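Data first, discussion second: the structure below is written as structure tokens.
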Amino acid sequence: MPEGHSVHRIARQFGVNFVGEHPAVSSPQGRFAQGAALLDGRNVLDARAVGKQMFLEFEGDQWLRVHLGIYGAWDFSGEVRIDSSIQIHGQTPGHSRLGQNGENSGPGNHVDRDAEDSVTSIGAPRRTRVRMAETDKESAASESFPPEPVGQVRVRLLTDTVCADLRGPTACEVLTPAEVDAVVQRLGPDPANANTPAERARFVERAGKKKTPIGLVLMDQSVVAGIGNVYRAEMLFRAELNPHTPANTLDRTVLEALWDDWAELLEIGITVGQMITIDGLEGEAYQRALVERDERHWVYKLEGTPCKRCGANIILEEFGARKLYWCPGCQH
DNA sequence: GAACTATGCGGAA
DNA sequence: TCCGCCTAGTTCA
């Protein structure tokens, strides 16, 4: 479950590999057969992300709307051209996750990489498979193209050279332009699309009126789009804010700083492909942060461990039906 | 192989 | 407030 950064990365990937093409659209799983038939063979005109939602525009005023929910993911395979503005992380041999049967690796595939290759930036097209979900992974290309659908593939978009498979989305539907507008209207501003004073003010206005705790307001997609449970917890820590503080009691400058921080974290997330929420990591520490979640966060999933800043025990609390991690020593 | 977990959210109650 | 969706990874036995 990808927070906003993943969805923007995916939209860029579609921009590079599918915009201008006329992909065959199908639903190997069958659950999206009708929608797929509406889009099949049409020219793809645009790929956009707003918060956690992605919109693909097809000719003839047909829009595909996809929301990945908690476990949705796109897999790209074939001659995947990586957008030069983003990086893709491979896996370092010896890392614990490498030994398992990677879900991207079809039968007979190997992950065979240099030790130095934990971060790869790829400009030229080449046969590869790239999973774009909460954590991107690259693995060896399968022998045949297009690959046999693995698991429950809701939608497959296929050109002569590239294949994109969607699994487990919470929403996948074809909309009219008016319906797309309605969805976007309900969403708050997304700094990855427009980090402007006006958009920041829109966030401050909406958030500043809420009596609800700031810890809930940051997750409210109609207030600000794209923040999920990880960024929520980390942003509150970085702002040294108690999650229970009613949003309308916060100084305007505090809300502005939250917006600015979100814009910064989101940009890092889009570029790097990981939610790096600790600033100033360099060298080996940064490399570790790319592969070890505990090394890149202050509080998320770190309950019971000492705060990296003050040493107090990180708390886990059920909050709005989600898990909230925070430091009682730092956040007041 | 079972059980549990997840970066989300809509709808029923 | 709780349930269900729906998939895959991880942990435990």
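Order of the sequence lines fixes the chain letters, A, B, ..., with proteins taken first and strands second; residue numbering starts at 1 for each chain. Given the structure is predicted, the values throughout are model-derived calculations rather than measurements.
The CG atom of A:Leu216 sits 10 Å away from the P atom of C:dT1 (whole-angstrom rounding). Residue A:Arg154 contributes atom CZ, which lies 11 Å from atom P of C:dA8 at whole-angstrom precision. At whole-Å resolution of the value, CD1 in A:Ile70 and C1' in B:dT5 are 9 Å apart. Between the CG atom of A:Leu324 and the C1' atom of B:dG8 there is a distance of 16 Å, given to the nearest Å. Atom CZ in A:Arg167 sits roughly 23 Å away from atom P in B:dA6 (whole-Å rounding). Rounded to whole Å, atom C1' of B:dA6 lies 13 Å from atom CD of A:Glu303. One atom, CD of A:Gln152, and another, P of C:dG9, lie 14 Å apart when rounded to the nearest Å. The nearest whole Å value for the distance from the CD atom in A:Glu318 to the P atom in B:dG8 is 14 Å.
Using P as the reference atom, C:dA13 and B:dT5 are 14 Å apart when rounded to the nearest Å. When the C1' atom is compared between B:dG10 and C:dA8, the two are found 22 Å apart, to the nearest whole Å.
Aromatic rings from A:His297 and A:Tyr325 are positioned such that their centres are separated by 6.0 Å or more.
When atom types are taken as modelled, the side chain of A:Asp190 and the backbone of A:Gly51 share a donor-acceptor pair closer than 3.5 angstrom. Formation of a donor-acceptor pair under 3.5 Å by the A:Glu292 side chain with backbone atoms of A:Leu290 is not found in this model.
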Please tabulate, one pair per line, all N/O donor-acceptor pairs under 3.5 Å involving side-chain atoms of residues 207-218 of chain A, not counting sequence neighbours.
none

Let me have the donor-acceptor pairs involving side chains of residues 257-265 of chain A, under 3.5 Å, with sequence neighbours excluded, atom names and distances please.
{"residue": "A:Trp259", "atom": "NE1", "partner": "A:Asn195", "partner atom": "OD1", "Å": "2.8"}
{"residue": "A:Asp260", "atom": "OD1", "partner": "A:Arg200", "partner atom": "NH1", "Å": "3.2"}
{"residue": "A:Asp260", "atom": "OD2", "partner": "A:Arg200", "partner atom": "NH1", "Å": "2.8"}
{"residue": "A:Asp261", "atom": "OD1", "partner": "A:Arg238", "partner atom": "NE", "Å": "3.3"}
{"residue": "A:Asp261", "atom": "OD1", "partner": "A:Arg238", "partner atom": "NH2", "Å": "2.8"}
{"residue": "A:Asp261", "atom": "OD2", "partner": "A:Arg238", "partner atom": "NE", "Å": "2.9"}

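Between A:Glu59 and A:Arg42 there is no salt bridge, since no side-chain N of the basic residue sits under 4.0 Å from a carboxylate O of the acidic one.
When only modelled atom types and interatomic distance are considered, A:Gln331 and A:His244 share no side-chain donor-acceptor pair under 3.5 Å.
Backbone-only contact: A:Arg31 has heavy atoms under 4.0 Å from sugar-phosphate atoms and none from a base.
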Polar atom pairs (N or O), protein with nucleotides 9-13 of chain B, under 3.5 Å:
{"residue": "B:dC9", "atom": "OP1", "partner": "A:His67", "partner atom": "NE2", "Å": "3.3"}
{"residue": "B:dC9", "atom": "OP2", "partner": "A:Lys52", "partner atom": "NZ", "Å": "3.4"}

